[in-house]
Amino acid sequence: MNLYGNPPRAIAGQKYGLQDVTESHVAAEEIEPGAALFGKVGDDRVFNAHNNIVSLTASADLVSGNKLATKINGTELAAVDFDTDTDKTLSALADAINADESLSDAGIGASVVTGAKTLTVAGDGDVEAEITVSGGTSQAAFTATASTGMKFVGIARHEELACKDGTGAYPAGIPVNVMTHGTIYAQVAEDADPADKKSAYVVLSGADKGKFTDEADGNYDTGCVFRSDAEDGIALVEVNGMK
């Protein structure tokens with residue numbers, strides 16, 4: 001019972017008021033009540049907040065003699081040699097990433113944005129990726145830009161959950177009740193300053209990942225609004241559908 005002695009865990013995900021719309025989805029990973037949930041088009045699963053896409057863009061075209069060393073979520077791949085031009089070299093790198101069993105087992109794959117000197121790495125969870133160039137007469141620098149490729153769906157409803165894998169959370173693979181319209185208690189970021197009718201955003205990285213904030217910069221615009229101040233790390237959030 002100590003799990004429910006923590007106000008954010010005891011209150012988060014409980015609805016406020018009588019009117020709401022709740023849909024059933026499938027938890028793609030462990031999900032706590034009150035969590036902001038995201039999904040993909042055509043996929044009934046819901047996920048926690050993640051920066052699941054990294055775009056790696058070269059500062060200049062690749063040249064003969066270049067070697068590309070890549071690290072993705074801690075996995076280091078064998079260097080890929082320059083081949084003909086930038087697009088073809090990046091395609092060879094994407095093929096190497098897609099052929100790596102540890103990455104494919106984690107749901108991570110890569111593709112090339114033709115003509116943009118950009119390789120995109122995407123997964124279901126958080127993705128961190130970097131490319132380092134050596135060799136040749138010049139070495140382009142790759143800039144990594146992280147984002148989410150998912151859409152905000154709603155907020156996980158509070159349920160009295162007791163499963164073989166634990167209590168108080170939806171384990172992966174079971175149905176999860178998601179409020180898509182209505183007002184619900186949700187966790188807020190430590191430095192957030194919510195107030196009634198302020199826009200509510202979701203933090204996608206760092207210690208407050210998945211929590212709501214009134215700070216727009218760098219955070220996901222959910223289309224939600226706060227309906228209260230914060231107390232004990234909890235505030236009321238009005239959910240207005242997928243965004």
Side-chain angles (χ1 to χ4, degrees), residues 3-41 44-53 125-126 145-161 168-170 175-243:
L3 182 68
Y4 295 106
N6 182 334
R9 296 296 296 272
I11 300 173
Q14 295 197 38
K15 77 171 190 174
Y16 179 87
L18 298 177
Q19 295 184 332
D20 70 273
V21 176
T22 296
E23 299 178 354
S24 181
H25 292 265
V26 176
E29 55 190 326
E30 183 174 286
I31 289 170
E32 292 190 2
L37 299 182
F38 293 76
K40 302 177 182 180
V41 175
D44 192 46
R45 297 177 300 165
V46 284
F47 301 78
N48 292 304
H50 294 295
N51 274 323
N52 68 308
I53 294 179
D126 290 316
T145 303
S147 62
T148 184
M150 303 186 199
K151 295 291 186 182
F152 174 76
V153 176
I155 299 176
R157 289 279 302 271
H158 179 96
E159 301 288 342
E160 294 294 335
L161 297 165
Y170 296 93
V176 51
N177 292 323
V178 184
M179 182 182 286
T180 58
H181 291 82
T183 304
I184 188 169
Y185 288 96
Q187 296 189 41
V188 298
E190 184 176 354
D191 295 331
D193 185 25
D196 188 31
K197 297 184 181 179
K198 268 190 175 182
S199 295
Y201 305 87
V202 171
V203 180
L204 295 176
S205 63
D208 286 321
K209 186 177 78 165
K211 296 182 180 181
F212 284 86
T213 179
D214 58 313
E215 177 60 48
D217 189 29
N219 298 314
Y220 190 100
D221 182 2
T222 62
C224 299
V225 294
F226 287 109
R227 298 315 307 257
S228 76
D229 299 337
E231 185 174 348
D232 291 327
I234 294 291
L236 281 172
V237 173
E238 181 183 305
V239 187
N240 296 304
M242 180 181 289
K243 180 71 179 289

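Residues: numbered from 1 along the sequence shown.
In terms of heavy-atom proximity, A156 sits nearest to I31 at CB-CG2, 3.8 Å. Closest of all the heavy-atom pairs between V176 and A27 is CG1-N, 3.8 Å. The shortest non-hydrogen separation linking V237 to C224 is CG1-CB, 3.6 Å. Heavy-atom minimum distance, Y170 versus P175: CD2-O, 3.4 Å. The two residues N51 and S205 make their nearest non-hydrogen contact at ND2-CB, 3.7 Å. A pairwise comparison of heavy atoms in V188 and A192 identifies CB-CB, 4.3 Å as the closest pair.
The closest side-chain heavy-atom distance from T183 to D20 is not below 4.5 Å. Side-chain atoms of N48 and F38, non-hydrogen and from C-beta on, never get closer than 4.5 Å to each other. By the 4.5 Å heavy-atom criterion applied to side chains, M242 and V153 are counted as neighbours. Using a 4.5 Å heavy-atom cutoff, the side chains of D126 and K209 are in contact. Looking at F47 and L37, their side chains never come closer than 4.5 Å, going by heavy atoms from C-beta outward. Under the 4.5 Å side-chain criterion, counting only non-hydrogen atoms from C-beta, N219 is not in contact with F212. Annotation: side chain of Y16 is not in contact with side chain of S228 (no heavy-atom distance under 4.5 Å). With a 4.5 Å cut-off on side-chain heavy atoms, T22 and R157 count as touching.
Of the residues listed (K15, R227, K197, K198), the one engaging E238 in a salt bridge (charged side-chain N to carboxylate O under 4.0 Å, His left out) is R227, and it is the only one.
Between the side chain of H25 and the backbone N or O of D44 there is at least one donor-acceptor pair closer than 3.5 Å. Put simply, the side chain of Y201 never gets that close to the backbone of D217: no donor and acceptor are under 3.5 Å apart.
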Verdict with reasoning, L204 to H50, per side-chain contact (heavy atoms from CB on, under 4.5 Å):
CA-CA 6 Å; L204 295 176; H50 294 295; over 6 Å; no
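In this structure, N177 CG and I155 CD1 are separated by 14.0 Å, a value rounded to the nearest 0.5 Å. Atom NE2 in H181 sits 8.5 Å away from atom CD in E23 (nearest 0.5 Å). Taking OG1 of T222 as the start and CG of N240 as the end, the distance is 8.0 Å to the nearest 0.5 Å.
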